[in-house]
Structures are given as structure tokens and as C-alpha cells.
Amino acid sequence: MRAIQTTAVLDVTPDIAWRVLTDFADHAEWNPFMRSIEGQPTEGARLTVRLTPPGGRAMTFRPTVTAADPDRLLEWLGHLGVPGLFDGRHRFELEPLPSGQTRLTHSETFRGLLVRPLWRSIAEPTTAGFEQFNAAFADRCLAVKDQPAT
């Protein structure tokens with residue numbers, strides 16, 4: 001098992017962060033790492049996620065949402081090929097802070113037979129992609145902060 005974890009403090013409340021995170025149709029406008037996400041942010045739903053790691057090739061995955069707790073947690077599990085070869089559990093945790101801000105913990109845990117041999121080639125670009133996402137997500141949250149929910 002290997003894991004990548006990043007954090008960011010967002011200058012919005014968790015409900016606004018959740019609204020931006022789960023507005024999948026809007027990701028193409030602001031998200032440099034996950035260029036598109038299709039599907040519903042509900043447990044059991046199947047998504048189509050197009051990743052573009054910095055300096056890497058674009059990849060499309062079809063993960064299943066394993067947790068969707070509004071304003072708190074969105075998680076999905078994806079597989080490269082068949083389950084057990086290379087599995088990734090991707091998590092977005094939103095923690096309210098006393099300041100009215102939100103701490104985003106953006107992580108992925110990798111398991112499977114191919115994790116060890118592929119790790120050196122994926123760890124750095126994936127971490128960079130998470131950091132790109134976090135910065136763009138923080139900016140997008142601020143941009144929609146005062147817009148009414150649709």
C-alpha cells in the first residue's frame with residue numbers, strides 16, 4: 001500500500017466547498033488535474049474521471065463512489081484493469097475550522113500488485129496534480145463564494 005496526502009485551507013465554509021467539488025459539470029472550467037468528471041456524487045454511483053497529471057498522459061477511470069457525506073467527504077474507488085492490480089481510493093475530506101474556513105485533505109491510497117513497480121513513475125506527478133487541484137479548487141471556491149446555489 002502507498003498513499004499520497006495533501007492539504008489546503010480554503011477561505012470558505014464546507015457547504016460552499018462541497019458545492020464546488022460536486023458541481024462536476026463545472027470542473028472543466030477550473031480543474032487542471034481532473035479535466036472532467038461525469039456522474040453523480042452519490043454513494044454507489046459510477047463516475048467517469050479524466051485525469052491529466054502534470055507532465056503525464058491523460059487517463060480515464062471509471063471509479064465507484066464509496067462515500068458521499070455532504071459538506072464532509074467524497075470518496076471513490078477506481079481500478080486500473082481488474083481489481084487487485086492497481087486500485088486507488090481517492091478522498092476529499094472537508095473539515096470546518098473555527099475561523100469559518102475549511103481544511104481540505106485530498107488523498108489517495110493505492111493498493112495492488114502493480115503499485116510497487118509503478119510507484120516511482122506516478123508518485124511525483126500525482127502529488128503535483130493534487131497540489132494543482134488544491135490551488136485551483138481554493139480559487140474556484142472564492143470565485144463562487146457569493147453566488148447563490150443553483
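Since we're looking at a predicted model, the values are computed, not measured. Every heavy atom of this structure was used, including side-chain atoms; hydrogens, water molecules and symmetry mates were not. All residue numbers in this chain count up from 1 along the given sequence.
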request  = Working to the nearest 0.5 Å, report the span between CD1 of Ile16 and CG of Leu142.
outcome  = 9.0 Å
query = Do Gln132 and Pro54 come within less than 4.5 Å of each other through their side chains, counting heavy atoms only?
reply = yes
request  = Flag the pair Arg140 and Asp26 as a salt bridge only when some basic side-chain nitrogen lies within less than 4.0 angstrom of an acidic carboxylate oxygen.
outcome  = yes
query = If you look at every heavy atom in Asn134 and Ala8, which pair is closest and at what distance?
reply =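 Where Asn134 meets Ala8 most closely, the heavy atoms are CB-CB, 4.1 Å.
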key: Donor-acceptor under 3.5 Å (Asp23 side chain, Val20 main chain)   =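 No, because the side chain of Asp23 does not come within donor-acceptor range (under 3.5 Å) of the backbone of Val20.
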message = Hydrophobic clusters here meaning ILVMFWY residues chained together by side-chain heavy-atom distances under 4.5 Å, can you tell me if Phe24 and Val65 are in one?
response = yes
request  = Give the C-alpha distance, both sets of side-chain angles, the deciding distance and a yes or no for side-chain contact (heavy atoms from CB on, under 4.5 Å) between Thr102 and Leu94.
outcome  = CA-CA 6 Å; Thr102 300; Leu94 303 171; 3.9 Å; yes
inquiry  = If I take atom CD from residue Glu108 and atom CD1 from residue Ile122, how far apart are they, to the nearest 0.5 angstrom?
reply    =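 Between atom CD of Glu108 and atom CD1 of Ile122 there are 8.0 Å.
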Within 6.0 Å of CD in Glu124, more than 12 heavy atoms from elsewhere =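 Incorrect, the count does not exceed 12.
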key: Ring geometry between Phe110 and Trp119 (parallel below 30°, tilted from 30 to 60°, perpendicular above 60°)   =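 If you compare the ring of Trp119 with that of Phe110, the planes turn out perpendicular.
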query = Hey, any chance Ile4 and Leu51 share a hydrophobic cluster, counting ILVMFWY side chains that come within less than 4.5 Å of each other, even indirectly?
reply = yes
message = For the backbone of Ala28 and the side chain of Arg35, can you confirm whether one donor and one acceptor N or O come within less than 3.5 Å of each other?
response =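 Flag set: sc Arg35 to bb Ala28 pair under 3.5 Å.
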key: Atom of Pro53, atom of Arg57 and distance for their closest heavy-atom approach   = CD-O, 3.4 Å
inquiry  = Check whether His27 reaches the backbone of Pro32 with its side chain - one donor and one acceptor, N or O, closer than 3.5 Å.
reply    = no
task = Mind listing the closest non-hydrogen atom pair of Val12 and Ala17 along with its distance?
result = CG2-N, 4.1 Å
inquiry  = Distance check, rounded to the nearest 0.5 Å: Arg111 atom CZ versus Asp87 atom CG?
reply    = 9.0 Å
task = Kindly indicate, with the supporting measurements, whether the criterion side-chain contact (heavy atoms from CB on, under 4.5 Å) is fulfilled by Thr66 and Arg89.
result = CA-CA 9 Å; Thr66 54; Arg89 184 172 299 277; 3.2 Å; yes
query = Can the ring centroids of His79 and Phe86 be said to lie less than 6.0 angstrom from one another?
reply =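 Between Phe86 and His79, which both carry aromatic rings, the centre distance is not below 6.0 Å.
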ask   = With no hydrogens and no angle check, is any side-chain donor or acceptor of Asn31 less than 3.5 Å from a backbone partner on Met34?
value = yes
query = Would a hydrophobic clustering, with Ile, Leu, Val, Met, Phe, Trp and Tyr connected at side-chain separations under 4.5 Å, put Phe92 with Val9?
reply =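 No, Phe92 and Val9 fall in different hydrophobic clusters.
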Distance (rounded to the nearest 0.5 Å) between Arg62 CZ and Glu38 CD = 8.5 Å
query = How about Phe137 and Trp30: are their ring centres within less than 6.0 Å of each other?
reply = yes
query = Going from CD on Glu95 to CG on Leu97, what distance comes out if it is rounded to the nearest 0.5 angstrom?
reply =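 Rounded to the nearest 0.5 Å, the CD-CG separation comes to 5.5 Å.
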task = Report yes or no: do Ser99 and Gln101 form a side-chain donor-acceptor pair below 3.5 Å?
result = yes
query = From Glu75 CD over to Ser107 OG, what is the distance, rounded to the nearest 0.5 angstrom?
reply = 8.0 Å
ask   = Met59, Leu77: one ILVMFWY side-chain cluster at the under-4.5 Å cut-off?
value = no
message = Quick check on the hydrophobic clustering: are Leu47 and Leu80 connected, directly or via other members, by side-chain heavy-atom contacts under 4.5 Å?
response = yes
query = Under 6.0 Å between the ring centres of Phe130 and His90?
reply =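 Between Phe130 and His90, the centre distance is under 6.0 Å.
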request  = Locate the shortest heavy-atom distance separating Pro125 from Ser121; write the atom from each residue and the value.
outcome  =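 For Pro125 versus Ser121, the nearest heavy atoms are CG-O, 3.4 Å.
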inquiry  = Run the side-chain contact (heavy atoms from CB on, under 4.5 Å) test on Thr7 and Leu104 for me, step by step, so that the C-alpha distance in whole Å, both residues' side-chain angles and the decisive distance to 0.1 Å come before the verdict.
reply    = CA-CA 5 Å; Thr7 61; Leu104 165 68; over 6 Å; no
ask   = Taking the side chain from Thr126 and the backbone from Ala123, do they hold a donor-acceptor pair closer than 3.5 Å?
value =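 No: the side chain of Thr126 does not pair with the backbone of Ala123.
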message = Side chains of Thr60 and Arg50 only: does a donor on one sit below 3.5 Å from an acceptor on the other?
response = yes
task = Applying side-chain contact (heavy atoms from CB on, under 4.5 Å), run through Val49 and Trp76 and close with a yes or a no.
result = CA-CA 10 Å; Val49 179; Trp76 62 65; 4.2 Å; yes
query = Does any non-hydrogen side-chain atom of Thr109 lie less than 4.5 Å from one of Met1?
reply = yes
